[in-house]
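Only one structure is covered here, and it is reproduced in the block below.
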Protein chains: 2
Amino acid sequence: MTNSDAVDRIIHSAETQCLKRGSRLSKKRTLILRCLLLQEKPISAYGLIDTYREYFGGDMPATSVYRILGFLQENSLAHKLQLQNKYIACSHIACDHDHGSPQFLICVQCKAVKEVGNNVGLVTEMNKVFERSEFRMITPQVEMVGICDKCQRVDSG
Amino acid sequence: MTNSDAVDRIIHSAETQCLKRGSRLSKKRTLILRCLLLQEKPISAYGLIDTYREYFGGDMPATSVYRILGFLQENSLAHKLQLQNKYIACSHIACDHDHGSPQFLICVQCKAVKEVGNNVGLVTEMNKVFERSEFRMITPQVEMVGICDKCQRVDSG
DNA sequence: CCAAATAATGATACACTGTATCAAAATACG
DNA sequence: CGTATTTTGATACAGTGTATCATTATTTGG
C-alpha cells in the first residue's frame with residue numbers, strides 16, 4: 001500500500017519511463033497501475049476488476065485487464081507472481097537506477113510479498129547450479145517462499 | 001522418460017516407501033504415477049487424463065487425477081511445477097537417501113525440467129536473502145528458469 | 001483541420017486449471 | 001461376513017487466461 005501522494009509521484013515517474021521507451025501509458029493503463037499501487041498485497045486479475053470498479057466505477061473487461069497487465073509487465077511497471085497467479089506493482093518504479101531482475105519473497109501464511117534487489121551472492125550460486133547441470137541462466141528472477149517477520153511473531157507468541 | 005523395466009523398479013520402490021509411511025499406493029495411484037514416469041517432460045493434469053486413456057484405456061475423472069496428484073505429492077513421489085502448472089514424477093524415488101526439498105531448472109524454450117539436489121551454497125545464499133528481509137526460510141524449494149544444453153546448441157548452431 | 005492509419009479498448013466466446021459436494025465402489029478390520 | 005474407512009466417480013461450478021473480431025481513441029500525413 002502506498003499513500004495517494006506517493007502514488008501520484010510514482011505514476012508520474014512511470015509516464016516518464018514509458019515516454020523514454022516509446023510506449024504510451026494510456027488513461028486505462030494508468031488506472032490499473034494505480035489499482036496495483038494501492039494494494040498491500042498481490043492481487044489477481046479478476047480482483048483488479050473489482051478494485052477498479054470500487055475506485056473508479058465502471059466495468060473493465062477481463063481481456064483489457066490482461067492486456068494492460070501484459071503492457072505493465074513489458075514496461076517493468078508490474079510483475080506477475082507465478083506462484084500465486086497474482087500481480088503487483090514493481091516496487092522500484094520511482095527509483096532511477098536499473099534494478100535488474102526481480103526476486104520475490106512470499107510469506108506462505110499471510111501472502112505478503114517483498115520484492116528484493118538482485119542479490120549478488122544468490123545470483124552467483126544460482127549460476128553455479130545451472131552450470132553444474134549444463135543449463136545456462138538467462139534471468140535471476142526467482143520467487144522464494146518463506147514466512148514473514150510479522151507471521152513469525154504471531155506464530156511463536 | 002524412463003524405460004519400462006526401470007519404471008517397474010521405481011514403482012516397487014514407491015510401494016515400499018508408502019508402506020513405510022503408512023499410506024497406500026492403490027492401483028489407480030500406481031497407474032497415474034506410471035503415466036508420470038513415462039513422460040519426458042512435465043505434464044498437465046488434463047494431459048494425464050489423455051495419457052492415462054492412451055496407455056490404459058478408460059477415462060479417469062479430473063477430480064480423481066487431482067486427488068491422486070495430491071497424494072503423490074504428499075508422499076514425495078511427484079512434484080508440481082508451479083511455474084507451469086504441470087507435474088512430474090520425483091526423480092529420486094528409487095534413491096534410498098533422503099534428498100531434501102526439490103529444486104528445479106526449467107528450460108524456457110523446450111520446457112524440459114531437471115530436478116537437482118539441494119545445493120548447499122544456493123540454500124545458504126537463499127537463507128541470507130531471507131534474513132536480510134526479516135523473513136525466515138521454510139523450504140529451499142525453488143524453480144529457476146534457464147536454457148538447457150540442447151537448446152543452447154540449437155540456438156547458437 | 002480532415003482523413004487514413006495505427007493503437008487501444010470492448011464484447012463474446014471459449015479453453016484450461018482446479019475445487020466442492022455428494023454418491024458409489026473398494027478395501028480394511030473386527 | 002458385515003461394518004467402518006478409504007478411495008474413486010459424477011456433477012457442478014469457480015478461477016485463470018486466450019482468441020477473435022468489433023469498436024473507439026489517438027496519431028500522423030496531406
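Just so we're on the same page: letters track the sequence lines, and every chain starts at 1.
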Grab the [atom1]-[atom2] distance between [X] and [N] for me, whole Å please.
{"X": "B:Ile43", "N": "C:dG18", "atom1": "CD1", "atom2": "P", "answer": "13 Å"}
{"X": "B:Tyr46", "N": "C:dC14", "atom1": "OH", "atom2": "C1'", "answer": "14 Å"}
{"X": "A:Leu25", "N": "C:dA8", "atom1": "CG", "atom2": "P", "answer": "11 Å"}
{"X": "B:Lys86", "N": "C:dG18", "atom1": "NZ", "atom2": "C1'", "answer": "16 Å"}
{"X": "A:Met60", "N": "C:dG10", "atom1": "CE", "atom2": "C1'", "answer": "10 Å"}

For [X] and [Y], indicate whether the former's side chain and the latter's backbone hold a donor-acceptor pair under 3.5 Å.
{"X": "B:Ser13", "Y": "B:Arg9", "answer": "no"}
{"X": "A:Thr139", "Y": "A:Gln141", "answer": "yes"}
{"X": "B:Thr51", "Y": "B:Cys35", "answer": "no"}

Nearest heavy atoms of [X] and [Y], plus distance in Å:
{"X": "B:Gln84", "Y": "B:Pro42", "value": "OE1-CG, 4.0 Å"}
{"X": "B:Leu77", "Y": "B:Ile93", "value": "O-CD1, 3.5 Å"}
{"X": "B:Leu83", "Y": "A:Gln82", "value": "CD2-CB, 3.2 Å"}

Are OP1 or OP2 of C:dT17 and a side-chain N or O of B:Ser44 less than 4.0 angstrom apart? yes
Looking at B:Asn85, I'd like to know whether one of its side-chain N or O atoms comes within less than 4.0 Å of OP1 or OP2 on C:dG18.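 Yes, such a contact exists.
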Segment of DNA chain D, first to last nucleotide, that comes within the 4.0 Å heavy-atom reach of chain B: D:dT7 to D:dT11
Strictly under 4.0 angstrom, non-hydrogen atoms only: write out the protein contact profile of nucleotides 21-30 of chain C, one letter per nucleotide from the 5' end, B, S or -. ------SS--
Does this structure show an ion pair linking A:Asp8 with A:Arg34, if we count only N-O contacts that are shorter than 4.0 Å?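 Result for this pair is yes, salt bridge flagged.
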Base, sugar-phosphate or nothing for A:Lys80? Non-hydrogen atoms, less than 4.0 Å. sugar-phosphate
Hey, can you tell me if B:Phe135 and B:Phe130 have their rings parallel, tilted or perpendicular (30° and 60° cut-offs)?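 Taking B:Phe130 first and then B:Phe135, their aromatic rings sit tilted (interplane angle of 30° to 60°).
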Result of checking A:Glu125, A:Lys128, A:Arg132 against B:Asn119 for side chain to side chain donor-acceptor pair (under 3.5 Å): A:Arg132
Starting from the 5' end of DNA chain C, give me the residue, A:Pro61 or B:Tyr66, whose nearest nucleotide shows up first. A:Pro61
